[in-house]
Amino acid sequence: MQAKTITGTSNRALEIDLTSRTFREVRINETDLELYLGGKGLGLKLLYDRLTPGVDPLGPDNKIVFSTGVLLGTGAPCSGRFEAVTKSPLTGIMASASCGGPFGMALKTSGWDALILNGKAEAPTYLVINSEGVQFKAADGLWGKDTDSAQDELLKEGNGALVIGQAGENLVRFANIRSGHRFLGRGGMGAVLGAKKIKGIVAKGGEVKIVPVDKKKFVKTNRKFFKAIEQNPMTSGSFRYFGTNANVNPSNAAGILPVRNFTGGSHGEAHKISGETMAERFKTEWDTCKPCVIKCGHKGTIKGQKRHIPEYETMGLLGPNLEIFDPEVISDWNELCSYYGMDTITLGGTLAWAMEATEKGLIQTQLKFGATEGVAEMIRDIALGNGIGKDLAMGSRWASKKYGGEDFAMHVKGLELAAYDPRGAVGQGLSYATANRGACHLSGYVLALEAYFGMASPHATRWKHYMVKYFEDAFAAMNSLHICQFTAFAVQLEPPLIKLTADFVIKLLNQNLSPLALNLMDLSLWPELWHSILGKRYIPYLSMLKFRKAGERVHVLERYMNTREGISKKDDTLPRRLLYEGRKCDAKERTVPLEPMLEKYYKLRGFDANGIPTKKTLKRLGIEIK
Amino acid sequence: MNINKYPEVKPGRKPLKRIYLAIMLWTVGKAIPVAAKVDPEIKKEFEKLPKNFTLRLMVQPERAFPLFFYTKMLPGFVVKNGMLPYGLQMILHIDAQGKVHYQGADPRGKKFDLSMAFKNLEAAMMIFSFRESTPTGYAHDRFVVEGYLPCATTFMRVLDIVQVYLLPKIIAKRAVKRYPKWFEMPPWRKHINRIIIYLRAFTF
Amino acid sequence: MPLPSFYDFCCRVKTISGINTLEQIPSQLANMKAGRPMIISDKGVAATGLIQVVIQALGDQLQIGEVYDQVPVDSDYRVVDDAAKIYRTKGCDAIIAVGGGSVIDTAKGVNIVASLGGDTLLDYEGLGTVKRKLKPLVVVPTTAGTGSEMTLVAVIADPDRKIKMLFPSYFILPDLAVIDPRMTKTLPAALTASTAMDAMTHACEAYYCLEKNPLSDSFAFRAIQLISQHLLKVLQNPADLQGRLALANASAMAGIAFSNSMVGMVHNLGHTVGALCHVPHGVAMSIFLPYGLEYNLHRCADIIGELLFALAGPEIFAATPKSERPEKVVTFIRQMNQDLHTATTGKHPRCLKEVVDRNGAQLVSQSMLPAIAEAIMLDGARLTNPEEFLPTDALTVLSNAWEGSPLDLKKVNKGGSKVNY
Amino acid sequence: MMPMPDYYEFLNYPKIVSGQFALENIPSELDGYHAQKPLVITSKSIVQRGLTKQFVKAFYDSTVVLGGIYDEVRDYAGISQAREAAQLYKARGCDALIALGNGPVVDLAKAVNILVSENLDHLGPHFDGAAPARPLKPLIVVPACSFNGWEATHAMTVDNRRLVADALYPAAVFIDERITIGCCPECLAETGIIALAQAFEAMTADGHNPMIDALAHPALNLLAQHLANGAPRPSDSSACMALANAATMAAAAFCNAPPGMAHLLTEALGRATGIAPGKLMAIILPAVIDMLQEQRTPIKDDVLLALAGLEQFATSAGPDRGRSSLRIMLTLVDSLKKTLPALREAFQIQRHLLDQVAHEAAGNSAGRFTVPQCLTVLTQAIQEPAS
């Protein structure tokens with residue numbers, strides 16, 4: 001059936017101009033691939049080459065790039081992911097999002113490594129992509145439809161679709177893009193598509209077959225990878241059986257579960273929404289990205305319907321953060337968000353802000369902590385732009401600028417915090433502050449070491465800058481492969497050196513000799529996969545360092561692009577609540593000592609005191625200065 | 001919120017400045033009745049004031065400056081006649097004959113017809129350490145006057161002349177607007193007056 | 001403008017000014033939640049028909065509780081008690097004072113009794129008895145430049161004890177001062193001249209006396225500019241509302257300036273001749289002003305020299321060498337008095353001997369001068385004069401002022417160190 | 001000849017006390033309001049700079065007990081903290097408020113004042129337009145470095161919302177060199193440039209009146225004398241005093257005049273970008289002056305008189321005065337170039353925001369400025385100088 005075979009990678013990108021309804025094929029430079037790996041890195045590079053700083057994110061000059069990685073389509077474990085990058089309407093800076101939906105596979109097997117959207121369609125349109133190019137089709141019938149039915153319509157024309165809901169159409173700043181049951185969640189990419197009047201994109205898929213260049217090596221590495229994943233208790237145990245909500249109980253125990261708009265860190269009722277409880281209560285089964293071996297995505301029977309189980313972040317932010325502990329209600333809201341196409345993290349953060357603002361007389365709504373009344377209506381109002389929902393649809397930063405309450409608007413650079421309170425894991429605080437897209441937990445997931453594995457002290461600031469940089473680089477590289485970030489548990493923790501060392505020794509080493517400990521960490525599985533697919537020679541350790549440097553390059557490029565939009569040290573901060581307010585659950589009323597960590601971090605990264613990458617740093621990384 | 005994080009702050013004290021001012025007020029207070037006897041000009045000024053008139057110079061707020069701790073241990077007449085410095089007040093009484101008496105620093109049981117008060121300790125220090133002249137101090141709102149106002153200017157004139165007597169010229173020139181030329185008395189008289197005032201002021 | 005080592009400045013009364021400003025009173029009162037004011041005034045004002053002007057301007061937007069026009073020239077506490085009783089029986093909720101200093105002080109007193117209750121003002125004597133915000137008080141000054149609408153003390157006499165009672169409190173400040181040229185439109189020429197010179201004196205003294213500060217300077221400077229530009233024109237054309245408005249503004253600004261920087265020997269002499277010989281305040285001011293400038297010339301020549309700019313304009317200022325400016329200021333003021341004398345056909349006196357009462361009798365005889373000189377010691381204004389001012393000095397000044405001859409600068413007593421502002 | 005407006009309203013409520021030992025006068029001032037126990041509201045940076053210790057010393061030998069020193073304010077005044085402070089106020093039985101610091105500290109104190117005076121739990125009704133009625137509790141403001149003068153006026157910005165009411169005027173402003181001493185040249189320069197703009201715009205505004213001129217005049221004069229030398233020397237107490245005084249006067253004048261273009265643009269741009277107003281003013285004010293120069297807008301003589309003093313004014317030719325005053329303004333702004341360098345962020349302001357900012361500014365100007373006018377100035381302001 002498959003007509004063509006691509007060995008390695010196709011290096012073709014499809015650039016579409018919506019204004020003129022034209023498209024062209026763009027060859028991806030070999031050096032760019034070498035430097036940026038693919039996925040997020042390459043997507044950013046494509047965007048960097050095209051985007052003028054200072055454009056309106058919702059204007060025709062903004063561009064959105066969907067980029068797949070080298071691994072996708074080869075059958076590498078947990079590789080079923082693709083990345084989108086754009087300038088975010090929520091934050092005004094770069095946003096990148098990763099998604100495990102079927103669109104990535106369909107795009108890649110239509111023979112395209114990346115998709116670039118320019119301009120703005122005049123009328124609602126949807127795009128059909130095949131190996132030849134793109135067809136522009138009128139979306140009059142689809143415009144105004146929810147994501148479910150719109151996606152069903154679109155999937156008639158291909159294997160994988162991207163679709164926005166009414167939230168995206170109404171330019172809700174945190175609208176997301178749906179593909180299958182998964183989402184390009186953060187940064188409001190749905191609004192970017194909505195502003196471009198693109199209801200959906202469907203890729204035909206299945207037109208080409210992708211095979212690695214060095215098959216033998218690939219198969220060997222693959223096997224090692226599977227083994228690691230099967231050995232790791234996170235990837236083969238808790239995540240596999242309880243989903244990401246396996247995090248609820250450890251978070252609650254570590255005091256990093258946000259309660260009542262981040263005024264508390266743990267709650268007695270938190271067990272009600274834990275993965276363990278829900279697995280039993282809703283009789284969950286797997287519903288995952290493809291391909292996947294970890295299988296963290298689950299569905300279950302809730303209120304008599306088969307529903308996707310809300311992920312941990314959704315649970316945390318629509319649950320304890322609003323003082324709600326009923327998973328059924330949270331699932332209702334989650335369904336509503338999927339239906340309209342909105343990011344649940346930003347929504348949760350914004351709702352919590354609205355509740356506190358209501359309590360403090362800044363706005364008048366029905367919302368109240370611990371009460372479910374009015375929440376569903378508010379979600380609808382936000383998606384449809386009714387009443388005060390129109391303001392909340394701009395996110396908590398905008399709303400708090402208009403109505404006040406900036407001291408309890410929990411966002412960094414406009415992006416709301418994920419469901420981890422860094423007062424219980426200060427390294428995560430630094431990571432939130434420095435993450436490129438805003439308060440992102442996926443930029444450098446240091447809290448796993450601090451709060452879950454006991455491999456770093458949660459309140460010490462020593463060497464945290466090093467850990468944050470290390471993980472930021474590693475994750476940026478991972479997102480460029482592009483592979484699931486949860487594989488990190490397996491790749492990083494399963495190699496014999498770390499596996500056989502006692503945790504307290506690691507903690508001691510990590511906290512006091514972090515560079516040594518982290519440099520001894522073996523990440524080779526990832527670069528080995530990438531090298532084998534492209535048929536490049538893999539040199540042990542050195543290639544791993546090169547891989548980490550590529551990650552660093554991707555991170556610094558994104559940072560550099562952000563600084564061109566006006567980001568500097570003043571934005572690398574945390575919500576005032578985290579910096580200045582202690583919590584009652586914490587006898588010492590700790591806060592995040594950000595400043596000293598941040599200074600060291602800048603130095604380590606090669607940024608100047610104002611947080612701007614120096615020319616030297618950019619040159620070292622081979623980033624062309626514009 | 002834990003309100004104990006923000007404790008109340010009770011006002012502290014500046015004991016040295018208090019003692020300094022008490023001694024200054026005591027000295028001036030003791031000098032005035034003597035000066036009223038020997039200096040014709042002061043005498044003339046006091047004649048303008050009503051009889052049975054009590055006035056005082058003090059530092060506000062009164063409640064913050066109680067009498068010195070040892071006052072209670074002294075016999076009544078010592079306190080009544082102001083034989084030692086007791087506090088930050090200077091009470092003068094003009095009796096029915098027009099004679100001026102210094103009555104110490106104890107305001108209890110007295111009724112004042114005129115009360116001139118420095119607004120605070122630092123204001124009094126500015127004047128009594130001669131960093132500000134009396135007129136400048138007045139212009140800078142360093143003190144408030146209560147009671148029969150027209151006498152206040154008279155009293156300030158008296159203070160000016162007493163300062164000229166008590167202080168060496170180099171300091172007194174800073175303290176008053178115009179250093180007098182002593183037209184009306186021979187220079188030896190001035191010095192004799194000065195000695196008398198000093199002697200009488202510092203003997204009991 | 002050097003910043004003094006210490007100053008305070010306060011002019012917290014809301015001022016509204018303009019040609020038809022009286023009409024704004026109802027809405028301003030409504031903002032203060034009052035609608036039934038009592039108008040307090042004196043016979044003199046009533047006789048000129050100004051109260052009718054006010055009542056007409058207030059229109060039917062509010063009810064006037066009572067028009068009380070019985071305030072005497074030297075008001076005392078019995079008048080206050082009387083008015084307060086009427087205020088209560090008529091159920092008023094605000095006061096509009098129309099008149100000069102005495103009326104305004106009385107109104108302040110009435111406000112104390114009416115707002116805080118009780119029968120007599122005597123209950124509230126002394127510091128710290130007025131402890132809360134009083135009822136709305138609107139003042140409409142009719143004579144220029146008393147400044148008492150801006151001050152936070154009410155002075156009310158107690159004839160029984162022969163003293164003036166002081167009621168100092170932040171709470172007795174009026175809420176609103178209304179400057180409307182209609183209030184001064186009908187003022188006769190001689191009075192226009194003397195009230196304007198009164199304001200001029202306030203401003204000049206504010207500019208050189210000890211408590212001066214940049215803010216009072218600035219207000220004083222502008223007041224002088226306005227008066228010197230407009231006074232003669234208004235005298236030539238009494239219906240010139242713009243000019244009247246400028247003069248009224250000038251006197252309000254002079255009031256702000258001197259109530260913050262205090263005044264000096266001119267006021268000292270003025271108060272004394274006022275008390276002893278009943279010389280009208282404004283007249284005394286215009287006569288003594290040149291002497292005040294001359295007497296303090298050696299102390300603050302630079303500062304007095306700056307006044308030439310305000311008085312004569314930049315061209316003359318620039319054309320006069322710096323050393324001659326102070327004398328020129330004095331000459332200028334003298335010339336101004338002379339011009340006013342001419343413009344009012346001799347009704348504006350140039351020296352003390354020209355001051356006469358209604359019947360043409362001389363108010364100040366030469367023999368009274370020593371007594372006046374002695375009495376200056378009872379007035380506080382001498383304290384803020386830059387140079388020491390004693391009865392002997394006063395006598396020199398007075399005899400010159402009586403004759404109308406310039407002061408012999410060599411005879412002014414000097415001594416002491418430089419003045420620190 | 002000064003034109004006399006047909007109608008104006010003017011109010012400058014607070015008493016200004018400035019100079020040596022000004023702080024020591026606070027107890028007697030409080031006594032004038034029958035207050036004995038003030039609550040002090042201040043910021044962490046003031047505490048860190050040791051200024052609260054100095055401040056407390058001023059209350060030695062008085063009978064005034066400080067009901068507490070609430071020092072949690074940072075760069076934002078919000079209702080959450082206002083509630084906390086109000087709780088403290090009530091728990092301690094305070095009867096007055098002292099705001100020790102700048103901007104947010106004073107804003108917070110004003111909010112607390114409304115809460116405690118009207119016994120409210122939140123400011124909802126006031127945000128909806130109800131004006132707080134007199135009398136509130138006496139509020140004393142003690143300005144510290146980077147005081148921009150607005151603190152002493154009838155406006156407060158709490159939770160990013162502006163409330164303007166006569167009741168919000170503080171009772172008194174105490175400017176004391178122990179507290180106004182500068183923390184850094186940059187802060188001083190920011191204070192200065194804002195004061196300069198406010199005084200200039202108050203004097204040149206359409207609705208100005210002689211009272212406004214009288215307040216703005218000494219402000220401009222003090223700035224002309226002290227801005228260039230004072231800003232780089234934060235430890236020079238006399239310059240700091242002059243700047244704080246100028247800021248107070250300028251704002252007092254400015255709050256009586258309709259807001260000028262530089263102010264409106266700075267405010268709108270600050271809201272859109274989060275950049276400190278002083279930094280923005282440093283680039284917007286020259287652009288506004290350039291516009292005035294280009295349009296040959298007549299500038300009244302008083303500006304030159306205030307900036308240059310009597311002598312220079314008197315010797316300049318009549319028609320040149322407006323232009324020379326603009327020149328002096330530009331020189332003054334230029335003199336701050338070193339202490340307040342043009343901001344990198346400012347040149348990176350998202351161009352698409354400018355339109356929105358221009359609309360907002362024009363909308364707030366009650367029709368005095370048009371959108372294209374605002375946009376021209378903005379575009380010129382954030383033009384990176386070719387170097």
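Chain identifiers are assigned alphabetically (A, B, ...) following the order of the sequence lines, protein sequences preceding nucleic acid strands; residue numbering begins at 1 within each chain. These numbers come from a predicted model, not from an experiment.
The choice from B:Glu62, B:Glu132, B:Arg18 that makes the most heavy-atom pairs within less than 4.5 Å of chain D is B:Arg18. Contact count against chain D (heavy-atom pairs under 4.5 Å) is highest for B:Lys14 among B:Lys14, B:Arg142, B:Lys17. Across D:Val65, D:Leu66, D:Asp61, D:Val17, the residue that shares the most heavy-atom pairs under 4.5 angstrom with chain B is D:Asp61. Chain B forms more heavy-atom pairs under 4.5 Å with one residue of D:Gln87, D:Arg83, D:Glu72 than with any other, namely D:Glu72. The candidate from B:Val9, B:Leu121, B:Val59 with the greatest count of non-hydrogen atom pairs under 4.5 Å with chain D is B:Val9.
For D:Lys57, the part sitting under 4.5 Å from any heavy atom of chain B is the backbone (N, CA, C, O) and nothing else. Neither the backbone nor the side chain of B:Met125 has a heavy atom closer than 4.5 Å to any heavy atom of chain D. Heavy atoms closer than 4.5 Å to chain B are found in the side chain of D:Ser28, but not in its backbone. Contacts between B:Ile3 and chain D at a heavy-atom distance below 4.5 Å involve backbone atoms as well as side-chain atoms. With a 4.5 angstrom heavy-atom cutoff, D:Val64 touches chain B only via backbone atoms. With a 4.5 Å cut-off on non-hydrogen atoms, B:Lys5 touches chain D through its side chain but not through its backbone. Heavy atoms of D:Gln20 lying under 4.5 Å from chain B belong to its backbone as well as its side chain.
Under the 6.0 Å distance and 45° angle rule, B:Arg13 does not count as a cation-pi partner of D:Tyr60.
The number of heavy-atom neighbours closer than 6.0 Å to NZ of B:Lys10, taken from other residues, nucleotides and ligands shown, is 12 or below. Around the NZ atom of B:Lys80, the shell of radius 6.0 Å holds no more than 12 heavy atoms that belong to other residues, nucleotides or ligands.
Every residue was checked against the salt bridge (Lys or Arg N to Asp or Glu O under 4.0 Å) condition with D:Lys90, not counting sequence neighbours, and none meets it.
When only modelled atom types and interatomic distance are considered, D:Arg178 and D:Gln54 share no side-chain donor-acceptor pair under 3.5 Å. For the residue pair B:Asn193 and B:Tyr165, a side-chain donor N or O sits within less than 3.5 Å of a side-chain acceptor on the partner. Residues B:Asn120 and D:Asn25 bring a donor and an acceptor atom of their side chains to less than 3.5 Å of each other.
Listed by first and then second residue, the ring-ring contact (aromatic ring centres under 6.0 Å, His included) pairs involving residues 61-85 of chain D are B:Tyr6-D:Tyr70 (not counting sequence neighbours).
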